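All ligand and atom numbering here is 1-based and tracks the order in the structure. Bear in mind that the values here come from a model prediction, so they are computed numbers and not experimental data.
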Amino acid sequence: METINSISNMTELSANWRREGLSIALVPTMGYFHEGHLALMRMARTEADRVVVSLFVNPSQFGPGEDLERYPRDLERDARLARDQGVDCLFCPSAEEMYLPGFQTWISVERLSQGLCGASRPGHFRGVATVVAKLFNITCPDIAVFGQKDFQQLRIIQRMVKDLNMPIDIMAHPIVREPDGLAMSSRNSYLSKEERRSAVSLYQALMRAKEMVADGIRSGQDIIQAVREHILSYANTEIDYIFLGDPEELKEYREVHGKTLLALAVWVGETRLIDNMLLVQ
Ligand code: AMP
């Protein structure tokens with residue numbers, strides 16, 4: 001596995017692969033790999049001749065006061081894990097080269113970016129869409145793999161690719177969870193022992209909502225209330241949002257009908273965790 005830092009070297013490698021007729025899959029990440037990331041890499045490995053994993057803690061998707069500086073990093077371990085998954089290239093550009101002085105071009109997927117995480121993290125998805133578009137231009141992939149854990153992000157990237165005619169297949173990987181159900185996340189490393197115990201409340205609340213729907217309950221308000229109560233019964237939890245709605249357009253529903261997404265963002269101590277589940281597939 002090659003590790004590449006320079007954008008021009010990455011562009012050249014991708015261009016060479018394409019000239020040879022090889023297909024390329026990209027897995028964009030911010031590093032500090034866990035089983036969720038590795039599962040995306042394995043999916044990419046089965047789908048293309050060459051796999052590029054980008055590792056870039058993108059400053060433009062962090063708001064003021066967010067965790068950009070303390071975001072966990074371990075490049076050596078990440079490189080070892082990526083290599084073990086059969087990744088061909090780990091692309092780790094610098095923020096300086098990604099955002100040259102005078103940078104002023106942004107991609108905004110407007111309506112899909114407004115609610116859910118977009119409401120509490122203004123500018124976040126503009127940063128995500130822009131960096132993903134840049135990574136697409138640099139690595140020229142045929143396929144890119146994203147996790148359903150960041151459901152809104154996945155929808156935004158799918159929309160961007162469609163709206164801007166990017167010739168890239170977006171593949172979605174299901175959420176990878178710890179044995180007790182907590183969705184894996186690099187940010188889980190921030191949790192204290194006690195917070196880790198509270199963090200499982202997100203998954204439990206989603207499962208409870210799913211059971212309510214299976215029992216015939218349709219009222220969005222009732223389901224959201226039960227989810228809220230369950231999460232708040234744990235120490236150090238604070239709800240950012242609970243969304244119940246349409247998984248395609250991310251519009252809120254009053255009642256469960258057809259495919260219905262339940263998505264959550266919860267503060268556990270100082271750590272903001274997200275999770276989601278389709279209540280009706
Ligand atoms: P991140 O490094 O957190 O930006 O995540 C990089 C990619 O991995 C994104 O497409 C995420 O949705 C995906 N991902 C992160 N955690 C998980 C998980 N637990 N299960 C599935 N995909 C995940």
Side-chain angles (χ1 to χ4, degrees), residues 25-45 47 51-63 66-68 70-75 77-79 81-82 85 87 90-93 95 98 109 112 116-118 121 124-125 127-136 139 141 143-161 168-191 196 199-200 202-203 206 247 261 263-266 271-278:
L26 171 69
V27 184
T29 80
M30 299 206 299
Y32 211 68
F33 297 150
H34 50 67
E35 251 319 303
H37 294 115
L38 304 187
L40 268 58
M41 293 176 204
R42 288 193 291 272
M43 185 182 226
R45 181 69 285 164
E47 296 292 331
V51 175
V52 178
V53 172
S54 62
L55 193 170
F56 182 57
V57 183
N58 173 34
S60 77
Q61 70 189 67
F62 287 79
E66 290 188 353
D67 56 344
L68 173 62
R70 71 177 189 124
Y71 196 83
R73 292 165 169 88
D74 190 342
L75 181 57
R77 177 175 170 273
D78 284 352
L81 290 171
Q85 307 308 312
V87 169
L90 187 62
F91 175 49
C92 313
M98 286 293 270
V109 180
L112 283 174
L116 294 90
C117 292
R121 304 186 70 189
H124 170 66
F125 287 117
V128 169
T130 303
V131 82
V132 169
K134 283 170 69 69
L135 292 167
F136 285 175
T139 61
I143 292 162
V145 185
F146 291 84
Q148 282 173 0
K149 154 121 190 308
D150 300 86
F151 198 91
Q152 187 176 16
Q153 167 176 288
L154 170 67
R155 280 286 171 269
I156 285 169
I157 300 303
Q158 287 171 326
R159 191 72 240 176
M160 173 182 81
V161 162
I168 301 168
D169 266 352
I170 303 300
M171 302 197 59
H173 193 285
I175 300 176
V176 178
R177 299 181 179 281
E178 299 286 355
D180 68 354
L182 173 65
M184 290 196 180
S185 165
S186 308
R187 288 190 169 100
N188 292 348
S189 64
Y190 296 152
L191 300 170
R196 175 63 185 80
V200 75
L202 281 80
Y203 174 72
L206 291 169
L261 174 74
L264 314 169
V266 175
T271 306
R272 186 174 172 279
L273 301 177
I274 58 172
D275 202 345
N276 67 80
M277 195 175 274
L278 283 173

Which residue owns the protein heavy atom closest to atom 23 (C) of ligand 1, what's the atom, and how far is it?
Lys149 CB, 4.0 Å
Would one find an N or O of Asp150, backbone or side chain, under 3.5 Å from an N or O of ligand 1?
yes
Report yes or no: does a heavy atom of His34 sit under 4.0 Å from some atom of ligand 1?
yes
Is it the side chain (CB and beyond), the backbone, both or neither of His37 that lies under 4.0 Å from ligand 1, heavy atoms counted?
side chain
Using distance alone, decide if ligand 1 has a nitrogen or oxygen within less than 3.5 Å of any nitrogen or oxygen in Leu40.
no
Only one of Lys149, Met43, Gln148 passes side-chain contact (heavy atoms from CB on, under 4.5 Å) with His173; say which it is.
Met43
Within the structure provided, determine whether Ile156 and Val128 are in side-chain contact (heavy-atom separation under 4.5 Å).
no
Numbered atoms of ligand 1 (with element) below 4.0 Å of Ile175, judged on heavy atoms:
20 (N), 21 (C)
Return the residue, atom name and 0.1 Å-rounded distance of the protein heavy atom closest to atom 20 (N) of ligand 1.
Val176 N, 2.8 Å
If only atom types and distance count, is the side chain of Asp275 paired as donor or acceptor with the main-chain N or O of Met277 below 3.5 Å?
no
For Gln148 and ligand 1, does the shortest N/O to N/O distance drop below 3.5 Å?
no
Does any N or O in the side chain of Asn58 come within less than 3.5 Å of the main-chain N or O of Gly127, such that one atom is a donor and the other an acceptor?
yes
Tightest non-hydrogen contact, residues Lys134 and Met98, listed as NZ-O, 2.9 Å
Looking at Met184, which atoms of ligand 1 are within less than 4.0 Å of one of its heavy atoms?
16 (N), 17 (C), 18 (C), 19 (N)
Flag the pair Ser186 / His37 as yes when at least one side-chain heavy-atom distance between them is below 4.5 Å, and no otherwise.
yes
Using a 4.0 Å cutoff against the non-hydrogen atoms of Met30, which atoms of ligand 1 qualify?
1 (P), 2 (O), 4 (O)
Do the non-hydrogen side-chain atoms of Arg70 and Tyr190 ever get within less than 4.5 Å of each other?
yes
Just to check, does Pro28 reach to within less than 4.0 Å of ligand 1 when the distance is taken from its heavy atoms?
yes
May I ask you to check whether Gln152 and Arg155 show a side-chain donor-acceptor distance below 3.5 Å?
no
Numbered atoms and elements of ligand 1 in range of Phe146, under 4.0 angstrom, heavy atoms
10 (O)
Options Ser186, Gly147, Pro174, Gly36, ranked by nearest heavy atom to atom 10 (O) of ligand 1, top entry:
Gly147
With distance as the sole test, does Asp74 use its side chain to make a donor-acceptor pair with the main-chain N or O of Arg77 at under 3.5 Å?
yes
